[in-house]
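Remarks on the structure that follows.
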Amino acid sequence: MHFLTGTDEHGLKIQRAAEKKNVDPQAFCDEISQTFRDLSKTLNLSNTDFIRTTEERHKKTVQHLWSELEKNDDIYLSKYSGWYSVSDEAFYSDEEITEKENIKMATASGSPVEWIEEESYFFRLSKWQDELLNYYEKNPDFISPKSRKNEVVSFVKGGLKDLSISRKAFSWGIKVPNSPDHVIYVWLDALTNYISALNYPDTDNTLFKKFWPASVHLIGKDILRFHSVYWPAFLMAAKIPLPKKIYGHGWILSGDEKMSKSKGNILDPLDIIEIYGLDPLRYYLIKEVSFGNDGNISQDRLEDCINSDLANNYGNLCQRVTAFAEKNCSSSVPDNKEFNDEDLVMLNKFTDNLTAIRTEIDNQNINYYINFIISALFEANKYFNDQEPWKKKDDKNRLNTIVYTSLEMIRKISFMLYPIIPSSIEKALKIFNLNVDAINFESIAKHDYLVSGKPIKKIDILFKKIEKKDD
RNA sequence: GGCGGGGUAGCUCAGUCGGUUAGAGCGCAGGACUCAUAAGCCUGAGGUCAGUGGUUCGAUUCCACUUCCCGCUACCA
């Protein structure tokens, strides 16, 4: 797996912001980019690389890509005039402009625009219209989720104009090869990060060979068009294979009300993490947000999630089984010799669904994944309840099997939860004296992963319950 | 204005290629138990599946219209 993220550091917006603070743009970007790299640590992301568009490796790739497009006659020099919004990084036509109190602004975004008239290179986007439509049709999952595909298709069907891909009005960006007074357009620059991180144009290197075409570009829905229209067109023009899928995810909203600390509907992830911890937040987002749609976050629902799912269902299951094993199985993994049908129903749930789980996760159906885990948790708790091992003290074999089965359930569930709540699972695995390196997906199909006789450790409470305020 | 998505239990959402009593989680009420973070388990209350009309033996599911929300897009100007 190669999980790439990074920062786009291009453009007039940044140049001006840096000037305003009276710092060098590069220094300014260093600082901003660092906050994102810090954030990726704070959120415990597992990205394998972090690319910045100001890095040399990136610049070289972008300039090479430009040359390829030029070589294939997809770039021509012309002149552009129009209203430009710095903050939107977009041009607008006369019709898209409103004037208010002598200030001209884009009707759609309300951001101020300025008249720009300059020489510009253009990309022959119009030329790729049919091929794009054709590609969408042949690859129905290319634009996901499906609900967003139509709007892209209808946009392309509406007709594509050639795209201005260079600017002369500012200097903070990657220079056009052999035309250093031009700076390369932001989206041609930024999107290229996907292949610059894989060392394109060196297509024979291991990274590129192994990870291109990428299996998915996971992006916010607001930049879907750039990823599903412009980027594929650039790639087609440069004769580079297209990524397999563009997935536009939704946004996290804070209920109907605006964020306000006094109202208690805080939205800043850092605040939430400080109050509740990182893993509960990660869990909440995965569970409560219907992936692909916008989702709401509320403190109340987050607290419910922590208490019900994490503390009561998962945390308490770990506690009750390990505490029982400590008292009745001399703190070690008991023998598992005699599974009966009830035990096997539990354990086979994972075996039987391994393929389905993989398929769904490959389709970004995260909600299926989490729902599977939750139902397994319910069943595991019910199983332990119904089997009443505390009444089986005169039937040691049966008691042992119940405990073994329950431990295996905890183990399987924990393995599956690892991508969602990694640091909590790291703690949970101490029950079995395992570390996260032991986690492998295939083993959730096994029934005898835990070795009889190995020690079982009772662990600290994984998730403390939140005392809810009455209202 | 056009295109697309959506309006299902108090809340967040599944689902129905048309078919007997519409599902889950949370929340709420009651019960039995006690290994456990007063957790877990069982039972229950709660829905005219946005509205109207149509097709059909039968529609929440198909069609039309209406209404509300969201996204994209266009225009009036």
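Letters A, B, ... are given to chains in the order of the sequence lines, protein chains preceding strands, and every chain is numbered from 1.
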Same-atom distance ([atom1]) from [N] to [M], integer angstrom:
| N | M | atom1 | answer |
| --- | --- | --- | --- |
| rG53(B) | rA59(B) | P | 13 Å |
| rA32(B) | rA38(B) | C1' | 16 Å |
| rA50(B) | rG6(B) | P | 12 Å |
| rU21(B) | rC17(B) | C1' | 23 Å |
| rC49(B) | rC57(B) | C1' | 22 Å |
| rC65(B) | rG1(B) | P | 14 Å |
| rC62(B) | rC26(B) | P | 30 Å |
| rU55(B) | rC63(B) | C1' | 7 Å |

Look at the rings of Phe324(A) and Phe384(A) and say which category their plane angle falls in: under 30° parallel, 30 to 60° tilted, over 60° perpendicular.
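The arrangement is perpendicular - the two ring planes meet at more than 60°.
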Tyr194(A) and His227(A) aromatic ring geometry - parallel, tilted or perpendicular at 30°/60° bounds
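Ring orientation, 0 to 90° scale: perpendicular.
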Can you work out whether Lys458(A) or Phe155(A) has the more 5'-proximal nearest nucleotide on RNA chain B?
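Mapping each residue to its closest nucleotide by heavy atoms, the 5'-most match is Lys458(A).
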5′-ward residue of the pair Lys464(A)/Arg148(A) relative to RNA chain B
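Closest to the 5' end, via its nearest nucleotide, is Lys464(A).
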Under the side chain to side chain contact (heavy atoms under 4.5 Å, CB included) criterion, do Leu39(A) and Leu270(A) qualify, and how do the steps go?
CA-CA 9 Å; Leu39(A) 188 63; Leu270(A) 297 179; 4.0 Å; yes
When the distance from [atom1] of [X] to [atom2] of [N] is rounded to whole Å, what number comes out?
| X | N | atom1 | atom2 | result |
| --- | --- | --- | --- | --- |
| Trp390(A) | rU34(B) | CH2 | P | 9 Å |
| Gln387(A) | rC33(B) | CD | P | 19 Å |
| Leu302(A) | rG27(B) | CG | P | 14 Å |
| Phe384(A) | rA36(B) | CZ | P | 9 Å |
| Lys287(A) | rA24(B) | NZ | C1' | 10 Å |
| Asp309(A) | rA39(B) | CG | C1' | 13 Å |
| Glu303(A) | rC26(B) | CD | C1' | 13 Å |
| Ile306(A) | rG27(B) | CD1 | P | 13 Å |

Between Ser443(A) and Arg411(A), do the side chains contain a donor N or O and an acceptor N or O under 3.5 Å apart?
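Result is yes, a qualifying pair exists.
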Under a 3.5 Å cut-off for both distances, is [N] Watson-Crick or wobble paired, and to whom?
| N | answer |
| --- | --- |
| rC26(B) | rG10(B) |
| rC17(B) | none |
| rC62(B) | rG54(B) |
| rG47(B) | none |
| rC41(B) | rG31(B) |
| rC3(B) | rG71(B) |

Would Thr42(A) and Leu278(A) count as a side chain to side chain contact (heavy atoms under 4.5 Å, CB included) here? Give the steps.
CA-CA 8 Å; Thr42(A) 306; Leu278(A) 172 63; 5.9 Å; no
Would you tell me if any nitrogen or oxygen in the side chain of [X] comes within less than 4.0 Å of OP1 or OP2 on [N]?
| X | N | value |
| --- | --- | --- |
| Lys393(A) | rC35(B) | no |
| Asn316(A) | rG40(B) | no |
| Lys465(A) | rA39(B) | yes |

When the ring centroid of Phe372(A) is compared with that of Phe350(A), is the distance short of 6.0 Å?
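Close enough - the centres of the two rings lie under 6.0 Å apart.
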Given Leu235(A), Leu65(A), Thr53(A), the one that forms side chain to side chain contact (heavy atoms under 4.5 Å, CB included) with Thr192(A)
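When Leu235(A), Leu65(A), Thr53(A) are each tested with Thr192(A), the side chain to side chain contact (heavy atoms under 4.5 Å, CB included) holds only for Leu65(A).
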Among [options], which nucleotide sits nearest the side chain of [X]?
| X | options | answer |
| --- | --- | --- |
| Lys391(A) | rU37(B), rU34(B), rC35(B) | rU34(B) |
| Lys382(A) | rC42(B), rC35(B), rC26(B) | rC42(B) |
| Glu151(A) | rC26(B), rG40(B), rC72(B) | rC72(B) |
| Arg320(A) | rA36(B), rU37(B), rG25(B) | rA36(B) |
| Ile461(A) | rU34(B), rU12(B), rU37(B) | rU37(B) |

Touch class at under 4.0 angstrom, heavy-atom based, for Ser308(A) against every strand present
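Sugar-phosphate, no base atom in range.
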Remember a base hit wins even if backbone is also touched, and classify Leu462(A) as base, sugar-phosphate or nothing at under 4.0 Å, heavy atoms.
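The residue Leu462(A) makes base contact.
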Is Arg358(A) salt-bridged to Glu442(A), going by a charged N under 4.0 Å from an acidic O?
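Between Glu442(A) and Arg358(A) there is a salt bridge, with a charged N closer than 4.0 Å to a carboxylate O.
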